[in-house]
Amino acid sequence: MALQETGCRSSRLVIMKEMTPLEEIRHSTAHVLATAVLRLFPDTQLDIGPPTESGFYYDFDLETPFTPEVLEAIEAEMKKVIKENQRFERIEVSREEAIKIIKEMGQERYKLGRLDDIPEGEAISFYRNGEFSDLCAGTHVSYTKKIKAFKLLQVAGSYHRGDASNKQLQRIYGTAFATKDELAEHLERLEEAKKRDHRNVGRELGLFHIDEMVGQGLVLWKPNGAIIRQELEAFISSELNKQGYSQVYSPHVGKLDLFRASGHFPYYQDSQYPPIIHRDCLSELAKEGCSCSDLSNKLDEGEIDGYLLKPMNCPMHIRIFKSEQRSYRDLPIRLAEFGTVYRWEQSGELNGMTRVRGFTQDDAHLFLREEQLQDEIQGCLGLVKLVFSVLGMSDYRVRVSLRDPDSDKYVGEAAAWDKAEEALRQAVKTLDVEYEEEIGEAAFYGPKIDFVVRDVIGREWQLGTVQVDYNLPERFDLSYVGSDNQDHRPVMIHRAPFGSMERFCGVLIEHFGGAFPTWLAPEQVRILPMNDDLLDNAEELLNELKQRQIRASVDRQSGKLGAKIRKGETDKIPHMVILGQREVEDGKVSLRSRNNPEWDGSLPLDEFIARIENEISSKALPKQRESS
RNA sequence: GCCGAGAUAGCUCAGCUGGUAGAGCAACGCAUUCGUAAUGCGUAGGUCGUCGGUUCGAAUCCGAUUCUCGGCUCCA
């Protein structure tokens with residue numbers, strides 16, 4: 001990791017580390033970019049330009065928008081700078097001198113602030129190449145000609161210091177490699193990733209559709225996608241039953257008062273769909289000449305009630321818990337639901353299935369005694385781990401979010417937090433995966449563990465989560481009767497191992513590139529008759545497979561076998577059964593199997609059915625074919 | 001929400017500086033009945049996202065709007 005000299009998040013996290021040679025190239029390319037931009041637009045104010053995981057960026061403040069044409073001109077200018085073979089030179093200076101240099105360059109707007117970030121006593125350095133120099137800890141390549149392969153990729157807006165209340169700057173992203181071949185390879189990988197993108201695969205395989213007329217961020221699950229979701233839900237559901245969960249159902253809307261009690265309505269209004277108010281109430285208010293802001297106030301004050309599309313399932317589950325008297329012997333009570341919630345995500349954040357406005361959480365709420373905390377957390381984590389391992393997902397990271405002891409934004413007692421944090425820590429250790437603790441990332445109501453995965457483009461998405469909650473039991477005055485015959489406050493755990501079905505399926509589509517394991521595949525077997533005379537035999541076989549709950553179809557095209565096979569491959573069918581005269585006579589099938597290439601060839605029908613049934617029930621993962 | 005880019009047939013895209021649209025794949029029809037990744041021929045399909053404006057004339061220029069994409073910010 002590069003040094004964060006100009007630190008994105010926190011200047012306290014500055015860690016001086018040697019740059020790798022590749023990072024040096026990228027960082028130097030960023031400087032060349034800034035050199036070129038200043039040549040073309042001398043009034044530009046520079047912010048920062050660090051290397052990133054796959055390239056670099058530089059943030060600029062100027063009025064001229066960076067259009068694709070401008071970007072091309074910049075790239076051409078960069079090539080000139082490289083050709084000039086400027087030497088990168090390090091100059092260490094005092095703080096006063098640094099201020100002077102920055103002023104001479106006319107770069108006061110951001111660079112002075114960046115200079116302030118450098119702690120007293122630390123070296124202050126500039127790197128100079130040709131006419132350009134930049135406050136920078138380094139390090140750099142020796143000469144600009146060492147930059148052999150770079151490309152500017154895109155322009156984006158970014159806020160100075162990542163703060164939306166600051167001015168928005170223009171950020172140019174680019175990438176650079178040691179050789180042209182490596183750059184070409186990288187660009188090719190990006191193209192490949194695009195093909196795996198769940199939005200493309202989802203359309204090609206008819207999994208889901210987001211329709212303008214239905215609404216932004218609202219997913220329509222098409223038949224094929226619905227099958228995948230049903231299989232996943234059935235899988236999770238059976239695990240829940242094994243683990244002592246009780247499944248419940250709750251409505252999609254609830255009274256505002258419910259969400260006032262939980263705190264969701266007052267605190268998270270900006271990210272909720274607006275409340276639903278009864279017609280009579282509205283017309284009455286209209287008669288009174290009530291303005292929109294009056295209405296909003298009345299809603300806030302609780303003077304009028306209405307309904308809210310639920311942003312969370314927990315208030316509903318809490319009311320289920322509270323609907324009966326609970327004894328300590330009943331705990332833990334684990335209420336699970338595939339509960340659909342609605343949140344008004346910012347329009348710019350919406351993304352295929354991974355960021356949507358209506359989604360179904362594989363949610364559950366556990367009500368327990370304090371001493372049951374660790375066991376239950378462990379149980380939750382076990383479920384997550386099981387799910388991930390069955391799906392062959394190993395590329396995830398675990399984040400333990402703890403409170404910042406210096407902050408007072410948290411509810412609950414410090415001692416309880418300590419216990420909960422320790423319970424989380426212990427539980428996550430049993431997972432036997434790497435995890436990182438993040439101080440200050442806890443929710444205000446309790447610490448949590450999140451599972452984060454990357455999509456094909458390298459973006460990270462939070463999936464599963466396990467959160468301890470001290471807040472809601474308090475707000476809803478939950479209690480159980482203890483062995484001492486006194487009322488006690490239960491602790492709550494929120495957990496969702498998949499996060500949401502939408503996001504999880506999106507990630508899963510990319511994980512498998514659309515080539516699902518047979519148990520999840522919408523179409524498990526496709527029968528390819530050699531010619532139309534065999535259509536009846538194909539139908540017969542189809543019926544047999546259907547009787548055994550194997551999802552199959554017959555390819556009725558009248559083309560050549562090669563064409564049918566090609567179609568089956570692009571449709572990512574796990575098993576293709578070729579039915580020719582030979583097979584019909586011998587009672588065999590000829591198999592071409594994407595998920596089990598070693599089965600390829602001729603085998604008796606019974607054998608095939610037995611194998612595939614076993615493959616499905618064992619939820620076997622696809623075996624990699626060499627070429628694909 | 002903010003910055004930037006974009007929206008042309010079911011999909012992927014072409015259509016330069018204004019003269020009312022084109023390809024490949026898919027679909028459909030006919031022929032073909034074929035042994036492990038593309039058989040041939042033909043047909044149909046678009047008020048160029050939507051609404052306004054400029055113009056004799058707009059897919060093309062301008063404005064607004066909806067949606068999408070890449071980031072940024074946010075994500076109980």
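Keep in mind that what you see is a predicted model, and the values were worked out from it rather than measured. Here is how names work: the chains are called A, B, and so on, in the same order as the sequence lines, proteins then strands, and each is numbered from 1.
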Inset, instruction - Provide the closest heavy-atom pair for A/Lys448 versus A/Glu441 in the form atom of the first, atom of the second, distance. - result: CE-O, 3.7 Å
Legend entry - Sugar-phosphate, base or nothing in reach of A/Phe444, heavy atoms under 4.0 Å: nothing
Legend entry - Under 4.0 angstrom between A/Arg459 side-chain N/O and B/G70 OP1 or OP2: yes
Inset, instruction - Return the 5'-most residue of the pair A/Glu204, A/Ile565 with respect to RNA chain B, ranking by each residue's nearest nucleotide. - result: A/Glu204
Inset, instruction - Classify the nucleic acid contact of A/Gln462 as base, sugar-phosphate or nothing, counting any heavy atom under 4.0 Å across all strands shown. - result: nothing
Inset, instruction - Please confirm whether any donor atom in the side chain of A/Ser262 sits under 3.5 Å from an acceptor in the base of B/A76, or the reverse. - result: no
Legend entry - Interatomic distance where NE2 belongs to A/His209 and P belongs to B/C67 [whole Å]: 14 Å
Legend entry - Sugar-phosphate, base or nothing in reach of A/Gln216, heavy atoms under 4.0 Å: sugar-phosphate
Inset, instruction - Would you please classify the geometry between the A/His252 ring and the A/Tyr342 ring as parallel, tilted or perpendicular, with 30° and 60° separating the classes? - result: tilted
Inset, instruction - Look at all strands and tell whether A/Gly580 reaches a base, only sugar-phosphate, or nothing, counting heavy atoms closer than 4.0 Å. - result: base
Inset, instruction - For B/A58, give its Watson-Crick or G-U wobble partner with both distances under 3.5 Å, or none. - result: none
Legend entry - Base B/U33 to side chain A/Asp533, donor-acceptor N/O within 3.5 Å cut-off: no
Inset, instruction - Using a heavy-atom cut-off of under 4.0 Å over every strand shown, decide if A/Ala443 touches base, sugar-phosphate, or nothing. - result: nothing
Inset, instruction - Ignoring backbone atoms, establish whether A/Ser558 has a side-chain N or O less than 4.0 Å from OP1 or OP2 of B/U32. - result: no
Inset, instruction - Could you check how far CG of A/Asn166 sits from C1' of B/C72, rounded to whole Å? - result: 12 Å
Inset, instruction - Give the nucleotide from the list B/G35, B/G1, B/A76 with an atom nearest to the side chain of A/Lys448. - result: B/A76
Inset, instruction - Can you figure out which of B/A76, B/G35, B/G70 approaches the side chain of A/Gln154 most closely? - result: B/G70
Legend entry - Nearest-angstrom distance from the residue atom NE2 of A/His264 to P of B/C75: 14 Å
Inset, instruction - Look at the side chain of A/Gln581 and the base of B/G35, then say whether one donor and one acceptor between them are separated by less than 3.5 Å. - result: no
Legend entry - Shortest side-chain distance from A/Ile578, nucleotide among B/G1, B/A76, B/U36: B/U36
Legend entry - Partner nucleotide of B/C30 by Watson-Crick or wobble geometry (both distances under 3.5 Å): B/G40
Legend entry - Between A/Glu510 and A/His198: side-chain donor-acceptor atoms closer than 3.5 Å: yes
Legend entry - Span that lies between the C1' atom of B/U47 and that of B/G40, in whole angstrom: 35 Å
Inset, instruction - Rounded to whole angstrom, note down the P distance from B/G71 over to B/C30. - result: 48 Å
Inset, instruction - Find the distance A/Asp163:CG to B/C74:P and express it as a whole number of Å. - result: 8 Å
Inset, instruction - Using the C1' atoms only, state how far B/A44 lies from B/G10, rounded to an integer number of Å. - result: 13 Å
Legend entry - Spatial distance of atom NZ (A/Lys111) from atom CG (A/Asp117) [nearest 0.5 Å]: 11.0 Å
Inset, instruction - Have a look at A/Ala156 and say if it touches a base, only the backbone sugar-phosphate, or nothing, with a 4.0 Å heavy-atom cut-off. - result: base
Inset, instruction - State the pairing partner of B/G4; accept Watson-Crick or G-U wobble contacts with both distances under 3.5 Å, and report none otherwise. - result: B/C69
Inset, instruction - State whether the distance check finds a donor on one side and an acceptor on the other, under 3.5 Å, for side chain A/Arg171 versus base B/C72. - result: no
Inset, instruction - Between B/C34, B/A37, B/C67, spot the one nearest the side chain of A/Thr570, thanks. - result: B/A37
Inset, instruction - Tell me what A/Met312 touches on the nucleic acid: a base, only sugar-phosphate, or nothing, going by heavy atoms under 4.0 Å. - result: sugar-phosphate
Legend entry - Given B/U36, B/A76, B/A37, the nucleotide with the shortest approach to the side chain of A/Arg566: B/A37
Inset, instruction - Would you kindly compare A/Gly215 and A/Ser590 by the position of their nearest RNA chain B nucleotide and give the one closer to the 5′ end? - result: A/Ser590
Legend entry - Short side-chain N/O contact to B/C72 OP1/OP2 from A/Tyr57, under 4.0 Å: no
Inset, instruction - Please work out whether the ring planes of A/Trp599 and A/His575 are parallel, tilted or perpendicular, with thresholds of 30° and 60°. - result: parallel
Legend entry - Centroid-centroid under 6.0 Å between A/Phe476 and A/Phe321 rings: no
Legend entry - Separation of atom CG in A/Asp600 from atom C1' in B/A37, rounded to whole Å: 13 Å
Inset, instruction - Look at all strands and tell whether A/Thr67 reaches a base, only sugar-phosphate, or nothing, counting heavy atoms closer than 4.0 Å. - result: sugar-phosphate
Inset, instruction - With heavy atoms under 4.0 Å as the rule, sort A/Gln557 into base, sugar-phosphate or nothing. - result: nothing
Legend entry - A/Tyr396 and A/Phe451 aromatic ring geometry - parallel, tilted or perpendicular at 30°/60° bounds: tilted
Inset, instruction - Report which part of the nucleic acid A/Glu345 touches: base, sugar-phosphate, or nothing (heavy-atom distance under 4.0 Å, all strands). - result: nothing
Legend entry - Short side-chain N/O contact from A/Arg203 to OP1 or OP2 of B/U68, under 4.0 Å: no
Inset, instruction - Find the distance A/Tyr58:OH to B/C3:C1' and express it as a whole number of Å. - result: 19 Å
Inset, instruction - When you get a sec, tell me which of B/A76, B/C74, B/U39 is the closest nucleotide to the side chain of A/Ala563? - result: B/U39
Inset, instruction - Send over the distance from A/Asp197 CG to B/G70 P, rounded to a whole Å. - result: 7 Å
Legend entry - Close aromatic pair by centroid cut-off 6.0 Å: A/Phe60 and A/Tyr58: yes
Inset, instruction - Go ahead and name the base partner of B/C25; Watson-Crick or wobble counts if both distances stay under 3.5 Å, otherwise write none. - result: B/G10
Legend entry - Opposite nucleotide pairing with B/G63, Watson-Crick or G-U, both atom distances under 3.5 Å: B/C51
Inset, instruction - Could you check whether A/Gln272 gets within reach of a base, just the sugar-phosphate, or nothing at all, counting any heavy atom under 4.0 Å? - result: base
Legend entry - B/A7 and B/C48, which share atom name P, separated by this distance in whole Å: 14 Å
Legend entry - Atom pair distance, as rounded to whole Å: CZ in A/Arg343 and P in B/C75: 12 Å
Inset, instruction - For B/G15 and B/C74, measure between their P atoms and round to the nearest Å. - result: 40 Å
Inset, instruction - Establish, with yes or no, whether the OP1 or OP2 oxygen of B/A76 is under 4.0 angstrom from a side-chain nitrogen or oxygen of A/Asn471. - result: no
Inset, instruction - In whole angstrom, give me the gap between the P atoms of B/C75 and B/U60. - result: 41 Å
Inset, instruction - For salt bridge (Lys or Arg N to Asp or Glu O under 4.0 Å), just list the numbers for A/Glu63 and A/Lys167, CA-CA rounded to whole Å, side-chain angles, deciding distance to a tenth of an Å, and then say yes or no. - result: CA-CA 12 Å; A/Glu63 294 314 311; A/Lys167 182 167 185 192; 3.6 Å; yes
Legend entry - Check: A/Glu583/A/Asn537 side-chain N/O donor and acceptor closer than 3.5 Å: no
Inset, instruction - Please determine if a side-chain N or O atom of A/Arg592 lies less than 4.0 Å away from the OP1 or OP2 oxygen of B/A37. - result: yes
Inset, instruction - Kindly say whether, by distance alone, the side chain of A/Tyr159 makes a donor-acceptor pair under 3.5 Å with the base of B/G1? - result: yes
Legend entry - Rounded distance in Å between the P positions of B/A64 and B/C69: 22 Å
Legend entry - Side chain A/Arg355 and base B/C74 donor-acceptor under 3.5 Å: yes
Legend entry - Span that lies between the P atom of B/A27 and that of B/A38, in whole angstrom: 16 Å
